[in-house]
Engineer: 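This is the structure I want to talk about, given as structure tokens.
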Amino acid sequence: MTTDASIRPMRPADAPRVAELATQLGYPSTSGDVMHRFAELAEYARAVALVAVDAADDVIGWIQVERTPSLAVSDAALIGGLVVDEAHRSARVGAALLEAGEHWAREHGARTMMVSSRVAREAAHRFYEREGYERLKTSHIFARELV
């Protein structure tokens with residue numbers, strides 16, 4: 001199945017739909033949350049948020065990619081999130097977003113693209129492997145509220 005989706009940079013008006021998709025991804029978000037995050041991201045020249053849109057310019061997926069300086073890994077870009085609306089999966093929308101994100105990363109000096117994915121997201125793992133990504137390791141992520 002091929003996609004008729006177009007890829008473009010995210011705009012502030014996309015925030016409500018991006019929030020819905022972030023929630024589908026497992027990160028409950030409001031439009032206000034996404035607007036605030038997008039404003040911060042837009043100020044950071046080493047990151048991009050791209051959206052996939054249908055013929056009516058409705059957002060059906062998004063990807064965030066960033067180049068973060070690191071002492072441990074050089075020339076790498078990180079996927080901060082990638083999600084396609086449930087109704088548009090298996091239509092190559094994710095592959096188109098990934099390709100656009102990789103293009104941006106190469107233009108910004110990356111030689112490697114990295115992504116982490118929850119252990120339970122087996123369909124996502126198959127997607128990345130189908131797209132040529134190699135599973136390197138299994139990790140635990142720890143967090144602490146900084147209140």
Side-chain angles (χ1 to χ4, degrees), residues 1-68 70 73 75-143 145:
M1 189 181 255
T2 60
T3 179
D4 292 327
S6 300
I7 309 298
R8 64 166 170 76
M10 183 181 164
R11 301 174 188 147
D14 298 326
R17 185 68 177 125
V18 168
E20 290 174 18
L21 293 171
T23 299
Q24 277 187 25
L25 187 59
Y27 299 95
S29 301
T30 66
S31 289
D33 294 336
V34 170
M35 283 295 296
H36 175 76
R37 296 171 193 154
F38 180 65
E40 286 186 331
L41 187 69
E43 292 178 11
Y44 187 57
R46 295 178 61 91
V48 68
L50 303 170
V51 294
V53 295
D54 63 14
D57 202 42
D58 294 327
V59 174
I60 59 174
W62 60 263
I63 187 171
Q64 176 190 332
V65 178
E66 61 187 78
R67 285 274 307 182
T68 304
S70 170
V73 180
D75 302 330
L78 304 173
I79 297 173
L82 170 64
V83 62
V84 174
D85 183 83
E86 294 166 346
H88 295 275
R89 292 186 186 153
S90 298
R92 304 292 300 158
V93 174
L97 283 163
L98 192 57
E99 182 180 334
E102 290 171 350
H103 177 78
W104 180 91
R106 275 191 295 279
E107 285 187 335
H108 288 81
R111 296 180 56 194
T112 303
M113 182 80 99
M114 300 176 75
V115 62
S116 62
S117 180
R118 280 191 194 148
V119 174
R121 290 195 173 132
E122 295 177 13
H125 304 164
R126 288 190 301 273
F127 164 75
Y128 287 116
E129 288 170 343
R130 216 173 26 250
E131 296 302 318
Y133 284 68
E134 179 183 348
R135 190 180 310 213
L136 299 179
K137 63 183 175 180
T138 302
S139 300
H140 295 276
I141 296 176
F142 298 88
E145 293 289 322

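The first residue of the sequence shown is numbered 1, and numbering continues consecutively from there. All of these numbers come straight from a predicted model, not from anything done at the bench. As a basis for the values below, the full set of heavy atoms in this structure was taken, side chains included, without hydrogen atoms, waters or symmetry mates.
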Engineer: Could you work out, with side chain to side chain contact (heavy atoms under 4.5 Å, CB included) as the rule, every residue matching Ser139, not counting sequence neighbours?
Structural biologist: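 Listed in chain order: Lys137.
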
Engineer: Could you pull out all residues at least two apart from Thr112 that satisfy side chain to side chain donor-acceptor pair (under 3.5 Å)?
Structural biologist: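 Thr112 satisfies side chain to side chain donor-acceptor pair (under 3.5 Å) with no residue once adjacent residues are dropped.
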
Engineer: Only pairs at least two apart or in different chains count here, so list each ring-ring contact (aromatic ring centres under 6.0 Å, His included) that has a residue in residues 85-126.
Structural biologist: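 Those involving residues 85-126 are Trp104-His108.
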
Engineer: By salt bridge (Lys or Arg N to Asp or Glu O under 4.0 Å), which residues pair with Arg111, not counting sequence neighbours?
Structural biologist: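 For Arg111, no residue satisfies salt bridge (Lys or Arg N to Asp or Glu O under 4.0 Å) once neighbours in sequence are set aside.
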
Engineer: Strictly distance-based, threshold 3.5 Å: is any side-chain N or O of Ser29 a donor or acceptor partner for the main-chain N or O of Thr23?
Structural biologist: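 Side chain of Ser29 to backbone of Thr23: no pair is present.
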
Engineer: Taking side chain to side chain donor-acceptor pair (under 3.5 Å) as the test, write out the residues that go with Glu99, two or more places apart.
Structural biologist: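 Side chain to side chain donor-acceptor pair (under 3.5 Å) check on Glu99 returns nothing, list empty.
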
Engineer: Which residues pass the salt bridge (Lys or Arg N to Asp or Glu O under 4.0 Å) test with Glu129, sequence neighbours left out?
Structural biologist: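 Once residues adjacent in sequence are excluded, the partners of Glu129 under the salt bridge (Lys or Arg N to Asp or Glu O under 4.0 Å) criterion are Arg135.
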
Engineer: List the residues meeting ring-ring contact (aromatic ring centres under 6.0 Å, His included) with Tyr128, not counting sequence neighbours, and say none if there are none.
Structural biologist: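 Only Tyr133 meet the ring-ring contact (aromatic ring centres under 6.0 Å, His included) criterion with Tyr128.
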
Engineer: Can you name the residues that form a side chain to side chain donor-acceptor pair (under 3.5 Å) with Ser116, not counting sequence neighbours?
Structural biologist: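 Ser116 satisfies side chain to side chain donor-acceptor pair (under 3.5 Å) with no other residue.
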
Engineer: Which residues pass the side chain to side chain contact (heavy atoms under 4.5 Å, CB included) test with Ala143, sequence neighbours left out?
Structural biologist: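 Ala143: no side chain to side chain contact (heavy atoms under 4.5 Å, CB included) contacts found.
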
Engineer: With ring-ring contact (aromatic ring centres under 6.0 Å, His included) as the rule and sequence neighbours excluded, what pairs involving residues 15-53 come up?
Structural biologist: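 Counting only pairs at least two positions apart or across chains, no ring-ring contact (aromatic ring centres under 6.0 Å, His included) contact touches residues 15-53.
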
Engineer: Keeping the roles fixed (side chain from Gln24, backbone from Glu86), state whether a donor-acceptor pair exists under 3.5 Å.
Structural biologist: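 Looks like yes, one N/O pair under 3.5 Å.
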
Engineer: Run the side chain to side chain contact (heavy atoms under 4.5 Å, CB included) test against Leu78 and tell me which residues pass, sequence neighbours left out.
Structural biologist: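 Once residues adjacent in sequence are excluded, the partners of Leu78 under the side chain to side chain contact (heavy atoms under 4.5 Å, CB included) criterion are Glu66, Thr68, Met114.
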
Engineer: Mind jotting down which residue pairs meet the salt bridge (charged side-chain N to carboxylate O under 4.0 Å, His left out) criterion with at least one end in residues 13-30? Sequence neighbours excluded, please.
Structural biologist: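 Of all non-adjacent pairs touching residues 13-30, those that pass salt bridge (charged side-chain N to carboxylate O under 4.0 Å, His left out) are Arg8-Asp14, Arg17-Glu20, Arg17-Asp85.
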
